[in-house]
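See below for the structure under consideration.
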Amino acid sequence: MGQGLWRVARNQQFQQGYLDPSFLSAEHDSNMNHRRHTQGGIDLYHLLKARKAKDERGFINLEMLPPELSLTILSYLNATDLCLASCVWQDLANDELLWQGLCKSTWGHCSIYNKRHPPGFSYRNLYMRLDEGSLTFNANPHEGIEYFLSRGILDDSPKEIAKYIFYTRTLNWKKLRIYLDERRDVLDELVTLHNFSNQFLPNALREFFRHIHAPEERGEYLETLITKFSHRFCACNPTLARDLGLSPDAVYVLCYSLILLSIDLASPHVKNKMSKREFIRNTRRAAQNISEEFVGHLYDNIYLVGHVAV
């Protein structure tokens, strides 16, 4: 009990900056050393030692902390800051685990992650190549994909390319839309990566359009997207489709109704907004098997949550 109170008091002094570095005298080192080995997690000994180095040099020396703690601190840095940190703590900031985490947090899937790496492989170098390839993609999608294929980062298959697109958030959505319009085989694989199980239809459509952005104008590409979404939604929810009488054709009609309603309610140019009763009446004319209650819930979702394609 007394030792516990002592540790609390010393921690409070340390946090308030009142602890004198001279306290780390030889007579206390053995006692602190003992606590260092008996206590789990971040111990006071290493923090005090790092604080002493800070007082002497102007900053905390991460090399004086336990490696696990130092790497945890550096893991909060982005790539630019980590490169700058390597100027001071070269061994720590060049750790492969840090750069592997940066690669996988930015580009969630690459074929090279699952391959046997050649001698001299470095996740830091891989990060630079992935970044360069993404910039190339955002300028010219086909050249960007070719960049990844030629360097063995991606395998030349629609499924691998679709996984790369699905788990990457740094791609320009306009360029991506052009690429998917031309590569329908990749688009097919990308749609199958979505799991709409137990999702309400408008929410599933929003998720779909967050990954595959809708075109600005109605046309053949939008019809293709909605058709693929309708089939995928029914495939993910067979029980719901059976209970509500939803078929891919019915979902197709509902999706268009949701898009039109979203535009109607969100546009400042539309003065007379569509009412819930009007939406139910118009929708059930095209999809007679769908219950009035379900269509009403669709209207409520758009009214409260907002546009499905934003």
Side-chain angles (χ1 to χ4, degrees), residues 11 14-15 17 21 36 39-141 143-155 160-173 175-176 210-211:
N11 278 329
F14 173 74
Q15 293 170 0
R36 174 181 49 169
Q39 296 176 11
I42 302 173
D43 51 67
L44 187 59
Y45 172 80
H46 286 295
L47 291 176
L48 291 174
K49 192 174 180 181
R51 178 60 183 269
K52 184 178 180 181
K54 177 181 182 299
D55 293 338
E56 294 174 352
R57 305 180 188 179
F59 56 86
I60 292 180
N61 187 357
L62 295 182
E63 293 177 346
M64 299 186 68
L65 295 176
E68 304 83 20
L69 178 57
S70 301
L71 293 177
T72 300
I73 294 173
L74 292 175
S75 68
Y76 288 96
L77 301 181
N78 57 32
T80 302
D81 293 336
L82 196 56
C83 288
L84 294 175
S86 67
C87 298
V88 181
W89 304 290
Q90 184 174 1
D91 293 337
L92 286 172
N94 287 331
D95 187 89
E96 281 291 276
L97 289 177
L98 289 176
W99 287 99
Q100 181 181 7
L102 279 176
C103 287
K104 293 188 175 182
S105 64
T106 308
W107 301 276
H109 176 84
C110 290
S111 305
I112 197 172
Y113 293 160
N114 303 318
K115 294 180 179 179
R116 188 172 183 177
H117 300 149
F121 174 84
S122 166
Y123 272 102
R124 177 172 177 168
N125 292 336
L126 177 61
Y127 183 95
M128 304 306 173
R129 291 186 175 186
L130 286 169
D131 188 51
E132 183 177 354
S134 297
L135 293 174
T136 304
F137 184 97
N138 291 338
N140 187 311
E143 290 183 5
I145 295 298
E146 182 59 34
Y147 177 93
F148 291 131
L149 298 179
S150 63
R151 287 159 178 78
I153 296 175
L154 287 178
D155 291 339
E160 286 298 300
I161 296 174
K163 285 184 177 181
Y164 166 77
I165 293 173
F166 185 80
Y167 293 107
T168 301
R169 296 292 178 267
T170 59
L171 302 179
N172 182 284
W173 64 270
K175 299 295 184 180
L176 179 58
R210 273 196 293 267
H211 286 95

Please find the pair of heavy atoms, one from [X] and one from [Y], that lie closest to each other, and give the distance.
X: L176; Y: I165; result: CD1-CG2, 3.5 Å
X: Y147; Y: E132; result: OH-OE1, 3.1 Å
X: A93; Y: A85; result: CB-C, 3.9 Å
X: S134; Y: W107; result: OG-NE1, 2.8 Å
X: L130; Y: C110; result: CD2-SG, 3.5 Å
X: N172; Y: N138; result: N-OD1, 2.6 Å

(request) Mind jotting down which residue pairs meet the side-chain hydrogen bond (donor to acceptor under 3.5 Å, both in side chains) criterion with at least one end in residues 92-105? Sequence neighbours excluded, please. (result)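 Sorted result for residues 92-105: N94-R124.
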(message) Strictly by side-chain hydrogen bond (donor to acceptor under 3.5 Å, both in side chains), give each pair with a member in residues 67-83 just once, sequence neighbours left out.
(response)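 Residue pairs with at least one partner in residues 67-83: there are none.
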With heavy-atom distances below 4.5 Å as the criterion, would you say the side chains of [X] and [Y] are in contact?
X: H109; Y: N114; value: yes
X: H211; Y: R169; value: yes
X: L102; Y: L77; value: no

Measuring from [X]:[atom1] to [Y]:[atom2], what's the distance to the nearest 0.5 Å?
X: T106; Y: D131; atom1: OG1; atom2: CG; answer: 8.5 Å
X: I73; Y: L98; atom1: CD1; atom2: CG; answer: 11.5 Å
X: I153; Y: L126; atom1: CD1; atom2: CG; answer: 5.5 Å

(message) One thing to verify: whether D155 and K115 come together as a salt bridge, which I'm taking to mean a side-chain N less than 4.0 angstrom from a carboxylate O.
(response) yes
(request) May I ask you to decide if the ring planes of Y113 and Y123 are parallel, tilted or perpendicular, using 30° and 60° as cut-offs? (result) tilted
(request) Could you label the plane-to-plane angle of the H117 and F121 rings as parallel, tilted or perpendicular, counting under 30° as parallel and over 60° as perpendicular? (result)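 Parallel: the ring planes of H117 and F121 meet at under 30°.
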(request) Please step through side-chain contact (heavy atoms from CB on, under 4.5 Å) for the pair M128 and C83, ending with a clear verdict. (result) CA-CA 11 Å; M128 304 306 173; C83 288; 4.0 Å; yes
